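Everything below concerns the one structure shown next.
Any value given below was found using the heavy atoms of this structure, including those in side chains, with hydrogens, waters and symmetry copies removed. Note that the coordinates shown come from a computational prediction; the quantities given were computed from them, not determined experimentally. If you read the sequence from its start, that first residue is 1, and numbering goes on from there.
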Amino acid sequence: MFHSIKSYCDKLTMEFDTIPINRKALLDKITQYIRNKKEQNKPINLVYICTHNSRRSHFGQVWANVAANYYKINNVNSYSGGTEATAFNINAINALKRIGFEIKPINHDKNTIYHLFLKKDEKPVICFSKVYNHEGNPQNEFAAIMTCSDAEENCPFIPGAELRIGTTYHDPKEFDNTPLQDNKYDERCKQIALETFYVFANLK
């Protein structure tokens with residue numbers, strides 16, 4: 001793992017006490033889902049869902065991958081999707097770059113495919129915008145983690161999901177093209193990272 005990412009992760013593990021108790025109770029349900037799969041030696045499929053699959057759901061996908069790597073939890077597959085496809089937002093990409101991720105575009109169109117690396121010479125996390133039931137995402141035996149209120153309200157039922165849970169976050173998009181833009185994207189990225197790490201830390 002790149003040194004800057006490892007340092008960022010180490011700091012996250014010291015901040016779990018900043019997560020509200022009621023929020024932890026929600027996150028504990030995801031931990032239990034992962035634990036059950038782990039005990040059965042089954043694949044752990046986590047699909048992070050937001051309306052446009054452009055910001056918060058990608059943060060979820062990325063940080064689940066990092067947390068599994070950090071805590072050495074095997075068989076974890078993280079995905080993201082939306083109720084519609086748009087593009088992986090550049091401000092979300094830049095927030096991850098500021099932490100130390102290497103992110104490389106593979107093509108150049110309205111919905112660019114990116115390869116995201118947290119280590120050298122490792123298989124990348126593949127990020128691009130897609131609907132949640134895209135053919136590349138699991139169609140059954142997965143947890144659907146709703147990261148925005150719009151998707152939470154508009155998708156009351158996710159076919160194939162064994163667990164559907166709403167861990168909604170405020171949208172940093174509200175601050176696009178303002179002086180607070182980078183700060184708010186960093187803030188949301190860290191919140192999702194912290195809560196995802198809390199989920200995985202409790203598996204130990």
Side-chain angles (χ1 to χ4, degrees), residues 1-19 23-24 27-28 30-31 33-35 37-39 41-48 50 53-81 88-106 112-130 136-138 142-143 145 147 167 169 172 182-204:
M1 190 176 291
F2 294 126
H3 177 73
S4 59
I5 300 174
K6 174 67 163 53
S7 296
Y8 188 92
C9 295
D10 289 343
K11 291 175 183 176
L12 290 175
T13 65
M14 302 174 68
E15 297 182 23
F16 294 148
D17 60 350
T18 66
I19 302 173
R23 190 73 175 176
K24 286 181 176 178
L27 298 169
D28 288 343
I30 304 174
T31 299
Y33 175 83
I34 296 172
R35 182 179 291 114
K37 288 292 185 181
K38 187 170 178 284
E39 289 174 351
N41 198 30
K42 290 185 176 181
I44 301 160
N45 296 320
L46 308 175
V47 183
Y48 293 83
C50 198
N53 189 208
S54 59
R55 298 169 176 82
R56 291 162 286 178
S57 49
H58 276 111
F59 285 154
Q61 175 190 1
V62 169
W63 285 114
N65 187 288
V66 177
N69 191 291
Y70 185 89
Y71 288 106
K72 296 180 173 53
I73 306 298
N74 297 323
N75 281 342
V76 175
N77 306 300
S78 61
Y79 307 87
S80 65
F88 189 8
N89 183 266
I90 188 61
N91 294 324
I93 292 169
N94 288 337
L96 292 166
K97 283 183 175 180
R98 284 191 288 274
I99 294 167
F101 292 93
E102 287 188 3
I103 304 177
K104 300 177 180 179
I106 301 305
T112 300
I113 298 172
Y114 294 90
H115 282 187
L116 181 147
F117 298 88
L118 56 146
K119 295 181 180 180
K120 281 192 179 294
D121 305 318
E122 285 282 327
K123 183 179 178 181
V125 181
I126 300 173
C127 297
F128 65 98
S129 187
K130 69 199 82 64
N137 286 355
F142 65 91
I145 302 168
T147 60
T167 59
Y169 302 92
D182 289 354
N183 177 266
K184 289 299 180 180
Y185 273 83
D186 291 347
E187 181 182 283
R188 195 61 58 243
C189 183
K190 182 179 179 182
Q191 182 189 10
I192 294 172
L194 178 64
E195 294 192 353
T196 305
F197 263 62
Y198 171 81
V199 164
F200 279 82
N202 286 328
L203 293 166
K204 290 297 186 179

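Put simply, the side chain of F88 reaches to within 4.5 Å of the side chain of L96, judged on heavy atoms. Side chains of E102 and K120 form a contact here, defined as non-hydrogen atoms less than 4.5 Å apart. Residues F128 and T112 form no side-chain contact, since every pair of their non-hydrogen atoms from C-beta on lies 4.5 Å or further apart. Side-chain contact check for T196 versus Y48: some heavy-atom pair is nearer than 4.5 Å.
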Before you tell me yes or no, could you show the steps for Y185 and N94 under side-chain contact (heavy atoms from CB on, under 4.5 Å), namely the whole-Å CA-CA distance, both residues' side-chain angles and the distance that decides it to 0.1 Å? CA-CA 9 Å; Y185 273 83; N94 288 337; over 6 Å; no
Residue pair Y198, D28: steps toward the side-chain contact (heavy atoms from CB on, under 4.5 Å) verdict: CA-CA 9 Å; Y198 171 81; D28 288 343; 3.1 Å; yes
Stepwise side-chain contact (heavy atoms from CB on, under 4.5 Å) test for N202 and L27: CA-CA 10 Å; N202 286 328; L27 298 169; over 6 Å; no
I'd like to know whether F101 forms a side-chain contact (heavy atoms from CB on, under 4.5 Å) with V66, so could you lay out the CA-CA distance, the side-chain angles of the two residues, the decisive distance to 0.1 Å, and finally the verdict. CA-CA 11 Å; F101 292 93; V66 177; 3.7 Å; yes
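Residues L12 and L194 approach most closely at O-CD1, 3.3 Å, considering heavy atoms. Across every non-hydrogen atom of K11 and E15, the tightest pair is O-CG, 3.5 Å. Taking both residues in full, the closest heavy atoms of S4 and G100 are given as OG-CA, 3.3 Å, listed atom of the first, atom of the second, then distance. Contact between C9 and F197 at its shortest, heavy atoms only, is SG-CZ, 3.4 Å. Closest approach of I30 to V199, counting heavy atoms only: CG2-CG1, 3.9 Å. Listed here is the closest heavy atom pair of L46 and A64: CD1-CB, 4.2 Å.
Taking NE2 of H115 as the reference point, atom NZ of K123 lies at 10.0 Å (rounded to 0.5 Å). Distance check: S80 OG to N137 CG gives 7.0 Å after rounding to the nearest 0.5 Å. Rounded to the nearest 0.5 Å, atoms CG (L116) and NZ (K104) are 11.0 Å apart. One distance of note links CZ of R188 with CZ of F59; it measures 9.0 Å at 0.5 Å rounding. Atom OG1 of residue T18 and atom CD of residue E195 lie 8.5 Å apart, to the nearest 0.5 angstrom. With rounding to the nearest 0.5 angstrom, the OG atom of S7 is 12.0 Å from the CD1 atom of I99.
In this structure, R23 forms a cation-pi arrangement with Y169, its terminal cationic atom sitting closer than 6.0 Å to the ring centre and no more than 45° off the ring axis.
Taking the six-membered ring for Trp and the full ring otherwise, the centers of Y8 and W63 sit less than 6.0 Å from each other.
Between E187 and K184 there is a salt bridge, with a side-chain nitrogen of the basic residue lying less than 4.0 Å from a carboxylate oxygen of the acidic one.
Checking side-chain atoms of Q61 against main-chain N and O of I126 turns up a donor-acceptor pair under 3.5 Å. Of the possible donor and acceptor atoms, one in the side chain of N53 sits under 3.5 Å from a partner among the backbone N and O of K130.
Here D182 pairs with R98 under the salt bridge (charged side-chain N to carboxylate O under 4.0 Å, His left out) rule; sequence neighbours left out.
Legend: salt bridge (charged side-chain N to carboxylate O under 4.0 Å, His left out) pairs involving residues 55-65, not counting sequence neighbours, sorted by first then second residue: R55-D176, R56-D171.
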Residues 69-77, side-chain donor-acceptor partners within the protein, below 3.5 Å, at least two apart:
residue : atom : partner : partner atom : Å
Y70     : OH   : D10     : OD1          : 2.6
N77     : ND2  : N45     : OD1          : 2.9

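Other residues, nucleotides and ligands contribute only 12 or fewer heavy atoms inside 6.0 Å of the NZ atom of K190.
Applying side-chain contact (heavy atoms from CB on, under 4.5 Å) to V62 and the options S57, C189, C127 leaves one that passes, C127.
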